[in-house]
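One structure is given below, encoded as structure tokens.
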Amino acid sequence: MTLSPDRVLPSCVQLEACESYQKQTYRNRCYILAGDGVQMLQVPVVHGTDMTITRVLVDYSTPWVVRTQRALDTAYETAAYYEYYRDGLFAVLDAQPETLWDLNLSTIRFLLNNIGIACTMEPTREFTAPADAADDFRYVIHPKRTDSVLASMELERPYYQVFRDRMGGFTPRLSALDLLFNEGPDSLAWVKRV
């Protein structure tokens with residue numbers, strides 16, 4: 001494993017490009033914190049005969065992009081750094097990538113660049129079971145199950161959130177967008193904090 005210049009590990013990540021699309025996973029959804037609690041943002045997809053993750057089409061027949069942008073504006077308009085990152089994120093959404101894969105890659109790149117993590121992403125060429133299941137996170141992180149990934153990486157700790165007082169404290173398991181909008185340039189320091 002190679003160290004990235006910012007010392008965040010790993011500096012090269014393989015993304016599973018050969019799996020079949022799975023419903024009700026983080027592949028097409030994320031969670032944000034709004035004034036009335038946790039809110040799910042979901043990207044609708046076209047269900048077809050070839051549901052390989054790189055070929056799943058985004059369904060733009062509904063105004064989900066506008067609804068998502070409005071939800072983000074409402075939830076984060078008072079976050080310290082939202083205004084700074086808003087236009088960049090909206091440009092990703094407004095580009096309307098054809099596939100869910102391309103939308104996800106663009107979003108991940110947006111997050112990595114703005115958080116300050118130098119990382120190379122490589123798509124897998126074939127689906128294979130890992131030699132060491134401890135390094136395989138394909139099925140560990142799932143919105144329908146509890147997980148200990150953040151705790152095991154010592155990342156399960158609070159950061160400032162706009163609605164923390166209203167929610168009775170820190171709300172975990174949100175999109176990295178929540179961290180970026182609330183912590184801004186300090187997001188990397190939060191990730192690296194031990």
Side-chain angles (χ1 to χ4, degrees), residues 4 8 10-34 38-77 79 81-128 136-144 173-184 187-188 191:
S4 61
V8 174
S11 61
C12 181
V13 174
Q14 285 194 317
L15 300 177
E16 181 56 69
C18 301
E19 70 176 352
S20 293
Y21 170 77
Q22 297 176 34
K23 296 179 182 180
Q24 299 185 4
T25 63
Y26 287 121
R27 287 158 185 82
N28 72 322
R29 69 185 65 205
C30 70
Y31 295 90
I32 63 171
L33 185 60
V38 176
Q39 180 178 353
M40 180 178 65
L41 301 180
Q42 185 172 3
V43 176
V45 298
V46 176
H47 294 278
T49 55
D50 185 356
M51 295 302 286
T52 305
I53 193 66
T54 57
R55 295 188 180 112
V56 174
L57 300 176
V58 176
D59 184 356
Y60 291 102
S61 68
T62 63
W64 72 266
V65 171
V66 172
R67 285 196 302 261
T68 297
Q69 291 171 336
R70 287 181 185 155
L72 289 166
D73 280 342
T74 301
Y76 294 106
E77 65 187 349
Y81 299 98
Y82 179 64
E83 186 175 324
Y84 181 76
Y85 299 111
R86 178 188 186 274
D87 291 343
L89 176 61
F90 282 21
V92 169
L93 297 171
D94 289 336
Q96 295 191 1
E98 183 179 12
T99 65
L100 181 63
W101 177 263
D102 290 335
L103 176 60
N104 286 343
L105 281 180
S106 295
T107 305
I108 292 168
R109 284 186 187 113
F110 168 83
L111 286 164
L112 291 174
N113 290 336
N114 285 292
I115 290 174
I117 297 174
C119 178
T120 302
M121 296 180 288
E122 295 178 356
T124 59
R125 295 177 194 262
E126 63 182 355
F127 186 86
T128 56
D136 184 9
F137 293 102
R138 289 180 287 190
Y139 307 108
V140 173
I141 302 170
H142 194 284
K144 303 283 184 186
R173 296 183 65 146
L174 300 176
S175 168
L177 293 170
D178 188 76
L179 172 66
L180 181 64
F181 296 153
N182 285 303
E183 292 290 327
S187 297
L188 182 60
V191 170

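The first residue of the sequence shown is numbered 1, and numbering continues consecutively from there.
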Got [X] and [Y] here, is their nearest side-chain heavy-atom distance under 4.5 Å?
X	Y	result
Glu183	Ile115	no
Val45	Asp59	no
Arg27	Glu19	yes
Val46	Val58	no
Ile32	Leu174	no
Thr120	Val13	no
Arg67	Leu41	no
Tyr26	Tyr31	yes

Give, for atom [atom1] of [X] and atom [atom2] of [Y], the distance between the pair rounded to the nearest 0.5 Å.
X	Y	atom1	atom2	answer
Leu105	Thr54	CG	OG1	10.0 Å
Thr107	Leu93	OG1	CG	6.5 Å
Cys119	Arg109	SG	CZ	10.5 Å
Leu33	Ser175	CG	OG	11.5 Å

Exercise. Hey, mind stepping through Val56 and Thr99 against side-chain contact (heavy atoms from CB on, under 4.5 Å) and telling me if it holds?
Worked result: CA-CA 6 Å; Val56 174; Thr99 65; over 6 Å; no
For this session: With ring-ring contact (aromatic ring centres under 6.0 Å, His included) as the test, would you mind laying out the steps for Tyr76 and Phe181 before giving the verdict?
Result: CA-CA 7 Å; Tyr76 294 106; Phe181 296 153; 5.1 Å; yes
Smallest separation among heavy atoms of [X] and [Y], with atom names:
X	Y	result
Tyr60	Val65	CE2-CG2, 3.9 Å
Ala71	Gln39	CB-NE2, 3.6 Å
Phe110	Leu89	CE1-N, 3.4 Å
Arg29	Gln24	NH2-CA, 3.3 Å
Ile53	Cys18	CG2-N, 4.3 Å
Thr52	Asp50	OG1-OD1, 2.7 Å

May I ask you to check whether over 12 heavy atoms, not counting those of [X], lie within 6.0 Å of atom [atom1]?
X	atom1	value
Arg86	CZ	yes
Arg70	CZ	no
Gln96	CD	yes

Counting only N and O atoms by type, is there a donor-acceptor contact under 3.5 Å from the side chain of [X] to the main-chain atoms of [Y]?
X	Y	answer
Gln14	Glu16	no
Thr124	Ala17	yes
Asn182	Asp178	yes
Asp102	Glu98	no

Exercise. Do you see a donor-acceptor pair shorter than 3.5 Å between the side chains of Tyr21 and Asn28?
Worked result: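 Side-chain D/A pair, Tyr21 to Asn28: present.
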For this session: Could you walk me through whether Leu180 and Tyr81 pass the side-chain contact (heavy atoms from CB on, under 4.5 Å) test, one step at a time?
Result: CA-CA 7 Å; Leu180 181 64; Tyr81 299 98; over 6 Å; no
Exercise. Run the side-chain contact (heavy atoms from CB on, under 4.5 Å) check on Leu15 and Asn104 step by step: do they pass?
Worked result: CA-CA 11 Å; Leu15 300 177; Asn104 286 343; over 6 Å; no
Problem set entry | Chi angles and distances behind the side-chain contact (heavy atoms from CB on, under 4.5 Å) call for Tyr85, Leu177 | CA-CA 10 Å; Tyr85 299 111; Leu177 293 170; over 6 Å; no
